[in-house]
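Every chain is numbered from 1 and lettered A, B, ... according to where its sequence line falls, protein lines coming before strand lines. Note: hydrogens, waters and symmetry copies are ignored here, and every other heavy atom, side chains too, is used.
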There are 2 protein chains.
Amino acid sequence: MSPQNSQLKVSTLTLVKTACSNCNLRELCLPFGLEPNEMERLDTLVSSRRRLKRGEYLYRVGDTFDAIFAIRSGFFKTDVLIEDGRDQVTGFQMGGELLGLDGISTEQHTCNAIALEDSDICAIPFSQMEALSREIHSLQHHFHKVMSREIVRDHGVMMLLGTMRAEERLAAFLLNLSQRFTARGYSHAEFFLRMTREEIGSYLGLKLETVSRTFSRFQEDGHIAVQQKHIRILDVNGLKALMNRRN
Amino acid sequence: MSPQNSQLKVSTLTLVKTACSNCNLRELCLPFGLEPNEMERLDTLVSSRRRLKRGEYLYRVGDTFDAIFAIRSGFFKTDVLIEDGRDQVTGFQMGGELLGLDGISTEQHTCNAIALEDSDICAIPFSQMEALSREIHSLQHHFHKVMSREIVRDHGVMMLLGTMRAEERLAAFLLNLSQRFTARGYSHAEFFLRMTREEIGSYLGLKLETVSRTFSRFQEDGHIAVQQKHIRILDVNGLKALMNRRN
DNA sequence: CCGTTCGGTTGACCCAAGTCAACCACGATT
DNA sequence: AATCGTGGTTGACTTGGGTCAACCGAACGG
């Protein structure tokens with residue numbers, strides 16, 4: 001094979017690898033429901049594809065907003081903080097999900113987005129996305145659905161924080177993760193947590209000790225097997241039952 | 001004045017009264033930032049203006065979604081419920097705010113919207129709104145901002161539910177109401193609560209007894225004067241101080 | 001005008017989760 | 001192999017807010 005050929009092959013491969021139309025997350029992400037030619041047009045918008053190392057910030061509170069981000073691979077958390085040091089994890093995001101929607105409102109980001117493992121993201125300049133969605137109805141509509149879904153998700157978290165006990169919160173959390181891993185083709189029953197007990201606690205409105213103890217209790221009761229960040233769900237129905245038993 | 005004249009005057013008045021362009025909430029609502037001619041086009045969409053009595057449902061969980069609603073006057077709560085009877089108030093809405101954004105996601109409403117006093121609302125058919133926002137950029141952009149603001153607001157509630165103590169939650173709640181009444185030209189220091197202690201509690205993740213006790217404590221400490229649903233804020237800074245004192 | 005109802009207040013007691021502290025496990029570094 | 005640091009577990013004790021119950025007061029219908 002000539003050096004030229006080899007060069008060509010590599011660049012083709014790269015191209016294929018970074019196009020929405022060939023992304024295996026397209027059905028979960030912004031391009032959902034687009035025709036092939038529409039997807040190509042969306043592709044031209046996705047200006048930069050960035051790689052982040054574990055611990056890196058994708059954006060911070062106060063950063064000016066000009067793009068939304070789609071997660072190609074990896075795992076993120078978003079959090080907000082108040083002066084006195086308290087913080088609240090507002091969500092954990094994985095492949096195919098969008099980050100940055102909070103910034104549209106004031107043109108500044110209102111939370112931090114931090115990679116919990118090495119991750120790849122696509123940046124979609126927002127004003128161009130708006131322009132394109134004026135032309136492609138299904139893109140417009142799907143984007144509205146994504147934003148609305150985020151609102152509904154937040155209501156779920158409010159329900160969790162407002163009315164559930166520690167056990168229920170943690171069961172809901174595990175089942176939600178499991179369901180999302182499943183949708184991405186991973187095992188529903190076995191996975192690694194990308195976040196610490198403290199981050200789980202912050203998300204669920206609990207202290208890390210409570211998270212740890214509750215995991216232990218779930219294990220004693222045979223619902224799960226925990227070993228540090230490795231989780232195996234042994235009894236999905238048991239967890240579901242825990243989740244909404246009135247008391 | 002001839003009967004005909006009088007008739008004409010009345011119908012003109014009605015027309016004037018129900019147009020976005022003459023609505024005193026337009027700067028808080030969907031028409032924000034539109035040119036006069038654009039506002040007229042939005043007006044043609046606002047198909048129905050409905051009056052609801054206290055306690056009436058604007059929509060219920062499961063209702064098919066086809067329009068978003070703007071509050072012309074009155075006061076609403078939205079809530080979600082789970083089978084076992086628990087419910088969570090996800091928000092209180094007042095004049096100029098939009099209701100129904102949760103329904104875009106699945107084309108079904110995921111929460112209930114209930115009038116807490118006699119209210120007037122404008123229904124804006126969603127697909128027509130999407131069509132118009134393809135033509136009027138500023139409408140499109142503003143709508144996106146409104147959805148994003150809702151997400152940011154929800155993050156604020158998550159912060160409140162996840163990290164704050166009862167006192168802080170209630171102080172934050174009162175300050176938020178005060179600020180919103182002010183934006184609508186009402187007193188920042190004196191207002192009537194439209195919701196019960198139980199509804200406040202549900203929103204803040206507290207029991208009604210705790211809400212009641214905390215109000216009493218605020219009163220003892222000279223921060224507010226409470227008499228049933230009537231609230232007078234005596235010391236805004238005191239409340240603010242309560243809100244973010246670490247401990 | 002009186003009785004009923006619904007919402008609000010207050011008290012006594014209890015418990016789930018928080019706090020504080022010791023200790024352990026696993027990786028990374030040298 | 002030894003050390004260090006971060007994250008996780010577990011125990012003992014405390015506490016903020018929940019629970020249960022009595023009572024009060026305003027609004028409303030007969």
Side-chain angles (χ1 to χ4, degrees), chain A residues 53-55 77 85-89 114 116-118 160-174 192-221 224-231 242 245-247, chain B residues 53-55 77 85-89 114 116-118 160-174 192-221 224-231 242 245-247:
Chain A
K53 289 219 119 7
R54 187 172 125 85
K77 72 167 177 182
R86 280 181 282 187
D87 71 334
Q88 169 77 27
V89 171
I114 301 145
L116 294 184
E117 62 180 26
D118 294 2
L160 187 138
L161 292 171
T163 74
M164 291 186 171
R165 308 154 80 270
E167 278 191 353
E168 301 175 297
R169 294 183 198 191
L170 211 56
F173 173 73
L174 289 175
F192 278 90
L193 297 173
R194 274 32 187 256
M195 68 296 279
T196 66
R197 302 289 189 262
E198 187 167 23
E199 287 162 335
I200 298 172
S202 171
Y203 181 58
L204 299 177
L206 302 170
K207 293 290 152 181
L208 66 96
E209 294 94 331
T210 306
V211 174
S212 183
R213 273 187 250 274
T214 310
F215 273 146
S216 301
R217 188 140 17 97
F218 283 178
Q219 176 153 261
E220 280 161 35
D221 298 350
I224 61 172
V226 207
Q227 201 178 18
Q228 307 283 117
K229 294 195 141 66
H230 181 246
I231 300 280
L242 267 180
R245 80 131 200 281
R246 178 68 292 206
N247 178 278
Chain B
K53 288 217 117 11
R54 188 172 125 85
K77 71 166 178 183
R86 281 182 282 187
D87 72 336
Q88 169 77 26
V89 170
I114 301 143
L116 295 183
E117 60 179 26
D118 294 1
L160 186 140
L161 292 172
T163 74
M164 292 185 170
R165 311 156 76 271
E167 277 190 353
E168 301 176 297
R169 294 183 199 192
L170 210 57
F173 172 73
L174 289 175
F192 278 90
L193 297 173
R194 271 40 182 249
M195 68 295 278
T196 65
R197 301 290 189 262
E198 186 166 24
E199 287 162 334
I200 297 173
S202 171
Y203 181 59
L204 299 177
L206 302 170
K207 293 289 153 184
L208 66 95
E209 293 94 331
T210 306
V211 173
S212 182
R213 272 188 251 274
T214 309
F215 272 146
S216 301
R217 188 141 17 96
F218 283 178
Q219 176 152 262
E220 279 160 37
D221 297 350
I224 60 172
V226 207
Q227 200 177 19
Q228 307 283 118
K229 295 194 141 66
H230 180 246
I231 300 279
L242 267 180
R245 81 128 202 282
R246 176 70 292 209
N247 180 264

Spacing between A/Phe192 atom CZ and C/dC26 atom C1', to the nearest angstrom: 13 Å

Which whole-number value in Å describes the distance from A/Phe215 CZ to D/dG7 P? 16 Å

For A/Arg217 and D/dG11, what is the distance between atoms CZ and P respectively, to the nearest whole Å? 12 Å

Nearest atoms (heavy-atom pairs only) where A/Ile224 meets A/Phe215: CD1-CD2, 3.7 Å

Find every protein N or O atom lying less than 3.5 Å from an N or O atom of nucleotides 21-28 of chain D, and list the pairs.
none

Separation of C/dA16 P from A/Arg169 CZ (nearest whole Å): 14 Å

Measure the NZ-CG distance between B/Lys53 and B/Asp118 for me, rounded to the nearest 0.5 Å. 4.0 Å

Length of the CZ-C1' vector between A/Arg54 and D/dT6, whole Å: 10 Å

Between B/Ser216 and C/dT10, does any side-chain N or O lie under 4.0 Å from OP1 or OP2? yes

Establish, with yes or no, whether the OP1 or OP2 oxygen of C/dG7 is under 4.0 angstrom from a side-chain nitrogen or oxygen of B/Lys229. no

Calculate the interatomic distance between A/Lys207 atom NZ and D/dG8 atom C1'; express it in whole Å. 16 Å

Quick one: label A/Leu206 by what it contacts on the DNA or RNA (base, sugar-phosphate, nothing), any heavy atom closer than 4.0 Å. sugar-phosphate

Please report the closest heavy-atom contact between A/Leu160 and A/Ala172, naming both atoms and the distance. CD1-CB, 3.9 Å

Straight-line distance of A/Leu170 CG to A/Leu242 CG, nearest 0.5 Å: 10.0 Å

When you measure from the side-chain N and O atoms of B/Thr210 to the phosphate of D/dG18, is any distance below 4.0 Å, counting only OP1 and OP2? yes

Grab the CG-C1' distance between B/Leu208 and D/dG18 for me, whole Å please. 11 Å

For A/Gln219, does the CD atom have more than 12 heavy-atom neighbours from other residues, nucleotides or ligands under 6.0 Å away? yes

Classify B/Gly201 by what it touches in the nucleic acid, base, sugar-phosphate, or nothing, heavy-atom distance under 4.0 Å. nothing

Between A/Arg213 and B/Glu198, which has a closest nucleotide on DNA chain C that is more 5'? B/Glu198

Double-helix bend of the helix from C/dC1-D/dG30 to C/dT30-D/dA1, axes at both ends from 5 pairs, round to 10°, gives 40°

Would you say a side-chain N or O of A/Thr196 is under 4.0 Å from OP1 or OP2 of D/dG7? no

Are the side chain of B/Arg197 and the backbone N or O of B/Gln228 linked by a donor-acceptor pair below 3.5 Å? yes

NE2 of A/His230 versus C1' of D/dG7: gap in Å, rounded? 18 Å

Counting N and O atoms only, with roles assigned by atom type, does the side chain of A/Thr214 sit under 3.5 Å from a partner on the main chain of A/Thr210, one being a donor and the other an acceptor? yes

Backbone N/O of A/Leu204 and side chain of A/Arg169: donor-acceptor pair under 3.5 Å: yes

State whether the side chain of A/Thr163 and the backbone N or O of B/Gln88 hold a donor-acceptor pair below 3.5 Å, judged by distance alone. no

So with a 6.0 Å cut-off around CD of B/Glu117, is the heavy-atom count from everything else above 12? yes

For C/dA17 and A/Arg165 - does any side-chain N or O of the residue sit under 4.0 Å from the phosphate oxygens OP1/OP2? no

